[in-house]
Each structure stands twice: as C-alpha cells, then as structure tokens.
Amino acid sequence: VTSHLRRDVGEGRPVRFYYDLGPGYPASLDLREPELSFEVGLGELVAIQQVVSFSREVQDIYSPGAHFWLVIDNLCGRATNDIPLERSRSYVSRLRRMIDTLGLGHRISVLVESELNSWETYRRRLEREPRQSPPEVGPKDIRNVTRFLGRPCDGHEAAARIELYRRTGRVTEALLAPAIEGVRLTQRATPSTLGFRSFPGGDQRIQVGQLAMTPRPREGLRPILITTHNAGNHDLRWLALSDGILPVLTQVLYAGPRNGRSREA
C-alpha cells in the first residue's frame, strides 16, 4: 500500500484506488424463487458516496486527491454462475450512467474484466488451472450457490461450483493484476487488500443482496443490507421514486417491521 501511495505522490498525481464492487449483479433475495437483477440501485449509490467522502478526506491533506476505479469481475461471473456477459454489461452501462449523472466521471472510473480480456482468453486460462476434489457441502453452501446462480441447485452442483469458484478466483487475479496500478480495496479485507465499507456501519459486500432503508427508533430511516439470511425478518416493498427526486434511482427497497406495526417510509 505505501509503495503505491509513495509512487503516486512522488509523481504528483491522484492516488489510485481499485475497489472491487462485484461481478455485475447482486445475489437473489429469495431462495424459493431465485431471480437475478441487473439494475443499479441504492447500494451502488451509497458506495459511490463513500468513495466521494473518502476522496475529500484525501484531498484535505493532498491536493491532487484520489481517483477510484470500481472493479467489475464479470468474466468471473460468467465462468462461475453462467451469467451472460450482455446482462452484466447492461449493469456496467447503468453504473457508468449513475457516475456521469452525479458529475463524478473525473474521479471515478469503472474497470470491467470483459473489457480487458475476451471470454475465450479467460476460458483457455481457466482450462489450464488444476482441478481439485469438490468439497463437502452443507445446506448453507447450497443456499449460497443458489442465490448467485439465480436458480435452485442440488448439493452435487453446489460442490462443483465451489470448486470452480476457487479456480476462477486465481484466473481473475492473474488477468486483473496488470491493470491494477494502485491500492486494491475489497469489501472485506484480505491478506493482500484493504477493506472498504460500502456504507456507514456496513462491512458486508453489497453484491450479496440489496441495500434497503429501514426505520430505526429515534434515528429515522437507516440503510440495511438485505440478504437471504435476513429477508424473512422484514416486510419488503419496492417504493417507486417520483421523477426528479433522484435521477439515478427509480425505486428504493423499504424494509419495514415484519409485524407491520410501522408503515412510515
């Protein structure tokens, strides 16, 4: 990290950060009828807000400030979960439109795996990766694979997919490495990356579900990450936003109390 920062500062340019945002879609919220969405919503908006807030702090002590690349590993999504590239590319187009609408194109870019390498290049590299024995899986593993596949699967397929995840992870890291020229940020810290929270108080990855607004006593509406683990605890409703309120968003997920006593939104 310090070597990257010293290099950028030494050359008088914005310090560069590469923030992994996901494969180009969020996971399904419903395991009974799993369905994938490729819309850009509140989760991406508040992640961008955190980037802006962080960049302002950098600029206070270093006038060139910071430049962020949001990294979308959609070839990995294609390989692991059969996600068509045209679907993840539609997500990327919406994400770039959000950034441009907010007037942040000079500070935030989008780095897309499929724009760096072709699917054929990725597939050939993946075929050279040594296979391992599929792991033992339990109900939790099957649920996790299901929500990213967007369809039901059994234990045999879940084990095969998890083994595939490990191989694609190595391929993605190797093919992305030449394009990562700054500090790598992931939504959870790893031995080789720094963690970056997508929204205040939220240390989980926004691609594992949908960001919603929920009422909190004496706090008003606050963000909450809804996943298959907690979706059943809330009364979930999509609320359409009137034209002109926020041009980059058309709807927001509202997570009300399950008992229905409060309907404030």
Side-chain angles (χ1 to χ4, degrees), residues 19-54 57 68 70-72 77 91 94-95 98-99 101-102 104 108 139-150 185-190 193-242 245-265:
Y19 177 30
D20 286 25
L21 204 61
Y25 70 99
S28 173
L29 298 183
D30 190 349
L31 291 174
R32 295 166 301 179
E33 297 181 10
E35 183 179 359
L36 300 179
S37 168
F38 295 86
E39 296 297 322
V40 170
L42 186 62
E44 288 78 11
L45 183 64
V46 297
I48 289 171
Q49 189 273 335
Q50 286 291 86
V51 167
V52 171
S53 178
F54 180 87
E57 296 286 340
F68 271 71
L70 305 180
V71 181
I72 306 297
Y91 171 94
R94 295 183 179 101
L95 181 60
M98 174 179 281
I99 293 168
T101 301
L102 295 170
L104 296 171
I108 303 176
K140 182 179 178 180
D141 301 304
I142 297 172
R143 290 194 297 268
N144 192 51
V145 173
T146 295
R147 61 183 181 158
F148 279 101
L149 270 178
L185 303 175
T186 50
Q187 294 184 62
R188 281 183 177 173
T190 72
T193 66
L194 294 181
F196 189 83
R197 296 182 177 223
S198 303
F199 61 96
D203 62 352
Q204 295 195 49
R205 298 167 292 173
I206 61 171
Q207 69 262 34
V208 301
Q210 292 278 357
L211 192 64
M213 299 303 291
T214 191
R216 297 279 177 82
R218 298 180 297 278
E219 294 184 51
L221 291 174
R222 303 292 294 172
I224 182 174
L225 186 64
I226 300 295
T227 71
T228 53
H229 298 298
N230 65 354
N233 301 331
H234 302 274
D235 177 16
L236 299 177
R237 291 179 291 153
W238 285 100
L239 304 179
L241 298 181
S242 300
I245 289 182
L246 199 57
V248 293
L249 284 183
T250 59
Q251 60 181 2
V252 171
L253 185 62
Y254 175 71
R258 191 61 173 171
N259 58 23
R261 287 181 297 182
S262 173
R263 293 294 182 183
E264 298 178 24

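Not measured: the values here are computed from a predicted model.
Applying the side-chain hydrogen bond (donor to acceptor under 3.5 Å, both in side chains) rule to E44 yields the partners Y91; only residues at least two apart in sequence or on another chain are considered. Residues passing the salt bridge (Lys or Arg N to Asp or Glu O under 4.0 Å) test with E33: none are found, sequence neighbours excluded. Residues forming a side-chain hydrogen bond (donor to acceptor under 3.5 Å, both in side chains) with T228 (at least two apart in sequence, or on another chain): none. With sequence neighbours excluded, no residue forms a side chain to side chain contact (heavy atoms under 4.5 Å, CB included) with T250. Qualifying ring-ring contact (aromatic ring centres under 6.0 Å, His included) partners for Y19, counting only residues two or more places apart in sequence or in other chains: F196. Remark: P26 pairs with Q210 by the side chain to side chain contact (heavy atoms under 4.5 Å, CB included) rule, at least two apart or across chains. Shown here are the side chain to side chain contact (heavy atoms under 4.5 Å, CB included) partners of S53, two or more places apart in sequence or in another chain: Q49. Residues satisfying the side-chain hydrogen bond (donor to acceptor under 3.5 Å, both in side chains) test with D30, not counting sequence neighbours, are R32. Under the salt bridge (Lys or Arg N to Asp or Glu O under 4.0 Å) criterion, E57 pairs with no residue at all, not counting sequence neighbours. Among residues two or more places apart in sequence or in another chain, the side chain to side chain contact (heavy atoms under 4.5 Å, CB included) test is passed with A255 by A212, T214, I224, I226, H234, L236.
The structure places CD1 of I72 at 5.5 Å from CG of L95, a figure rounded to the nearest 0.5 Å. One distance of note links OG1 of T190 with CG of L185; it measures 10.5 Å at 0.5 Å rounding. Note that CG of N144 is 9.5 Å distant from CG of L31, once rounded to the nearest 0.5 Å. Taking CG from L253 and CG from L211, the interatomic distance works out to 8.5 Å, rounded to the nearest 0.5 Å.
The main-chain N or O of F38 is found under 3.5 Å from a side-chain atom of R94 such that the two form a donor-acceptor pair.
Residues P257 and P215 share a closest heavy-atom pair of CD-CG, 4.2 Å.
Within the 4.5 Å cutoff, side-chain heavy atoms of I99 are placed close to those of L70. Looking at F148 and L36, their side chains never come closer than 4.5 Å, going by heavy atoms from C-beta outward. Here the side chains of L249 and M98 are in contact, with some heavy-atom distance below 4.5 Å.
Among pairs with a residue in residues 139-149, none fulfils salt bridge (charged side-chain N to carboxylate O under 4.0 Å, His left out), at least two apart in sequence or across chains.
The environment of E35 atom CD is sparse: at most 12 non-hydrogen atoms of other residues, nucleotides or ligands sit within 6.0 angstrom.
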Quiz prompt | Stepwise side-chain contact (heavy atoms from CB on, under 4.5 Å) check, Y254 with D235 | solution = CA-CA 8 Å; Y254 175 71; D235 177 16; over 6 Å; no

